[in-house]
Amino acid sequence: MLDLVPYLATHQGIPIEELAREFGITTAQLTEDLYTLWMCGLPGYTALELMDLSFDTGYVSISNAETLARPRTLNRDEVLALILGLEALQGDADPNHIKLGETISQLVSKLIGFLDTSVQQRVQAGTGALSNQRGVIESAIPSRGSVEISYHSISRDEVSKRVIHPLEFSTLNEVDYVLAYCELTTSYRTFRLDRIVDAKPNGEHGGTSPKMNSSQSGEKFPITLNVGSRLRDVVERFNLDVASQPLASRKNLNVESFTTDWAIREIMSFGGEVSLETPQDLRNSLRDRALRALSAYEGSL
Amino acid sequence: MASRKNERLLNLTIALLATKRYLTKSEIFRTIEGYEGSAESKERMFERDKDDLRRIGIVIDVQGVDPGFEDEPGYRIHPDTYSLNLGELNGAEVALLSLAAEAWRGAALDEPAQSALVKLRSLGIASDFDALPNLSPRLNVSSPNFVPLTRAITDQITVLFTYTSAQLEQERRTVNPFGLGSRQGNWYLVGYDKARSDIRTFRLDRIVDQVEFTGKKGSFVAESSFDVLAFLDSTLFEKRQVAEVSIRVGRGHALRGDAEIISTDEEFDRCRIPYSDESQFIDSILWHADDAIVHEPADLRDKVVRRLQALVSAHE
């Protein structure tokens, strides 16, 4: 309620519904709070000392509230939220905005003054703290939909907009990737999720949609794995619900994939600690792929 | 009833903020509306009200009014400690702070970020969003343990939690938390693992259920200048080694991030790739199958070959 007064002082005549939304409460609750405020003021409590509120017209104004008119100082969690938010913006901002980077640093140093000095370096948002937009991308996979993304390419140091058709997720070197068909480069390629700074579903379907072979038809197919070690990695990569996999049967896991190529690569990355049991033809292709890689090593000796 | 109490708290705040001198308890009871009943019940009300105000972060300053009468202390709230002072802010800075707060929507610090936003907007400075790139960033940490862990870190409280091991076992870990930080899309807790007598790093999304506090405030002494990002970089992400790898032309985007191309032919680009964790690097080489062939270091090359042989024999 204390925070209502300064907000009103700078937003005179705000519609009551908008004010309720801003504070995340119902209009009924807000009206009750406004009545309470109306009864308050400086000792004496005559019309001269009480705050004056008007809100019977559906629009709220306040006067005679100078004592409470400045917003309260920020508490620890509020300061932390702002600092981490700024650091995350800093880490993932378009590198061409040098001025932006400077402004962020100045604001962070101002805010750090509100915290216990030791906290500053103990809790930090580094690069890739912004949402990887996984949800938006994930929801496009089953429908073979497309997503418009803003992608921050580190090697070229630029942010570009492009339309992609996402197929699968993966994790390599502690980094999450999505495999997708990219309309900009008309090829299949991987995108780092932490470099996708924005994503929204693309309205048009099938406009320039990529040619899909039968293994990319949008239907998931089942795979059985035999897992020797690194169970956690398998569960995380294939996005399995741990609880649904009874402990006794964890040696043999059932997973699903949209694309054969992707599934083979995922399993190959475990280097023999995980084997693909069925389907048999996928098992054979995996072995052939490994043999092909081996022969490349022999050739280059 | 609740609103009577709120009224009294508001009136108390206003009076203590407006006064230029310290108000004694008897002055407060006489002039501020809402203190009723016996002397004893007024006293109790006042004690509870002070606690309530302090709990929401208001600093009540207490001082003996007259050195000769120390049993009659005075109270006031200094406007400087009460109100927000961020110095001069322009529209672009307010917009940037708003963006930083908005980034928490649906994430771990959503609530304090929104209340900070209300306070910022109350400053009455118009946001200049034109000065910013057109982005709607979202922070990617939604763990309910985020806020408790930041508190445990600042107050140096030992924590106990369940962690998913590499073999998917649920382990109980007792940790003195040093820091919390993010790199490459994941958040990590760094702390001293008591059972293992060593500093360990835990990925936040692998902590199961709620973190429990097992000690009191100050239950351990942390290094005074612990820098969590510097620690993560030096242990997990510092790229100390460099490999020479042939990557098929047009393939291997995940490997090309930091790669430097040293020569190229029709089929392959020969690249120098810095890497940090060897076993994770081997995973990504294997993931690329015959699209990525390691030349150097020889030791790395041998390991990849052995893994490929293991793959073949596991799929005979």
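What's counted below: heavy atoms across the whole structure, side chains too, no hydrogens, waters or symmetry copies. Below, read A as the first sequence line, B as the second, and so on, with proteins coming before strands; counting in each chain starts at 1. A quick note: this is a predicted structure, and the numbers were derived from the prediction, not measured.
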Calculate, to the nearest 0.5 Å, the distance between atoms [atom1] and [atom2] belonging to [X] and [Y] respectively.
X	Y	atom1	atom2	value
B/K119	A/Y7	NZ	OH	14.5 Å
A/T10	B/I125	OG1	CD1	10.0 Å
B/L97	A/L107	CG	CG	4.5 Å
A/T67	B/L10	OG1	CG	11.5 Å
A/I264	B/L311	CD1	CG	11.0 Å

Is there a side chain to side chain contact (heavy atoms under 4.5 Å, CB included) between A/T73 and B/T81 once you walk through the steps?
CA-CA 7 Å; A/T73 194; B/T81 60; over 6 Å; no

Measure the shortest side-chain to side-chain distance between [X] and [Y] over non-hydrogen atoms and say whether it is less than 4.5 angstrom.
X	Y	answer
B/L149	A/V123	no
B/L84	A/F114	yes
B/W287	A/W262	yes
B/D227	A/Q124	yes
B/L17	A/L68	yes

Do [X] and [Y] sit within salt-bridge range, that is, some charged N less than 4.0 Å from a carboxylate O?
X	Y	result
A/D77	B/R151	yes
A/R265	B/D291	yes
B/R121	A/E22	yes

[X] versus chain B, the contacting section by heavy-atom distance below 4.5 Å:
X	result
A/R192	side chain
A/V234	neither
A/L74	both
A/L286	side chain
A/Y35	neither
A/E277	neither

Just so I understand: if I count every heavy-atom pair under 4.5 Å between each of [options] and chain B, which residue has the most?
options	result
A/R230, A/M1, A/E66	A/R230
A/N75, A/L276, A/L8	A/L276
A/N284, A/D233, A/T103	A/T103
A/A290, A/A69, A/G41	A/G41
A/N226, A/D288, A/T190	A/T190
A/G113, A/A9, A/A81	A/A81

Which atoms of [X] approach chain A - backbone, side chain, both or neither, heavy atom under 4.5 Å:
X	answer
B/V190	neither
B/I58	side chain
B/L9	neither
B/E111	neither
B/A292	backbone
B/F146	side chain
B/T13	side chain

Side chain to side chain contact (heavy atoms under 4.5 Å, CB included) between B/S83 and A/R72, intermediate numbers included
CA-CA 4 Å; B/S83 60; A/R72 279 197 295 147; over 6 Å; no

When you look at A/R122 and B/I153, which way does the side chain to side chain contact (heavy atoms under 4.5 Å, CB included) test go after all the steps?
CA-CA 7 Å; A/R122 292 179 187 280; B/I153 289 163; 3.7 Å; yes

Measure across [X] and [Y] and return the closest heavy-atom pair with its distance rounded to 0.1 Å.
X	Y	answer
A/P43	B/I32	CG-CG1, 4.3 Å
B/L123	A/P71	CD2-CG, 3.6 Å
B/I14	A/L42	CG2-CD2, 3.7 Å
B/I293	A/A296	CD1-CB, 3.5 Å
B/R206	A/R232	NH1-NH2, 3.2 Å
A/G271	B/A310	O-CB, 3.9 Å

Against chain A, work out which of [options] has the most heavy-atom pairs shorter than 4.5 Å and name it.
options	value
B/G252, B/G87, B/S165	B/S165
B/S246, B/G179, B/A108	B/G179
B/N11, B/L308, B/L286, B/N90	B/N11
B/P112, B/S122, B/A259	B/S122
B/R8, B/E33, B/R30	B/E33
B/I285, B/L109, B/V228, B/L86	B/V228

Residue list, side-chain contact (heavy atoms from CB on, under 4.5 Å) with B/Q114, at least two apart or on another chain:
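Once residues adjacent in sequence are excluded, the partners of B/Q114 under the side-chain contact (heavy atoms from CB on, under 4.5 Å) criterion are B/R105, B/D110, B/L117.
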
Sidechain-backbone polar pair: A/R292 side chain, B/A289 backbone, donor-acceptor under 3.5 Å:
no

Taking A/Y297 for its side chain and B/V294 for its backbone only, find out whether a donor-acceptor pair lies under 3.5 Å.
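Side chain of A/Y297 to backbone of B/V294: a pair is present.
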
In sequence, state the C-alpha distance, the side-chain angles, and the governing distance for B/R307 and A/E273, and then conclude on salt bridge (charged side-chain N to carboxylate O under 4.0 Å, His left out).
CA-CA 9 Å; B/R307 305 289 288 276; A/E273 285 170 74; 3.2 Å; yes

Determine whether the side chains of A/R76 and B/T150 contain a donor N or O and an acceptor N or O closer than 3.5 Å.
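Checked: A/R76/B/T150 side chains pair up, N/O donor to acceptor below 3.5 Å.
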
Flag for A/E78-B/S115: side-chain donor and acceptor within less than 3.5 Å
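Indeed, the side chains of B/S115 and A/E78 share at least one donor-acceptor pair under 3.5 Å.
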
Residues, nucleotides or ligands: over 12 heavy atoms within 6.0 Å of B/E316 CD
yes

Would you check, one step at a time, whether the test side chain to side chain contact (heavy atoms under 4.5 Å, CB included) holds for B/T164 with A/V235?
CA-CA 11 Å; B/T164 309; A/V235 164; over 6 Å; no

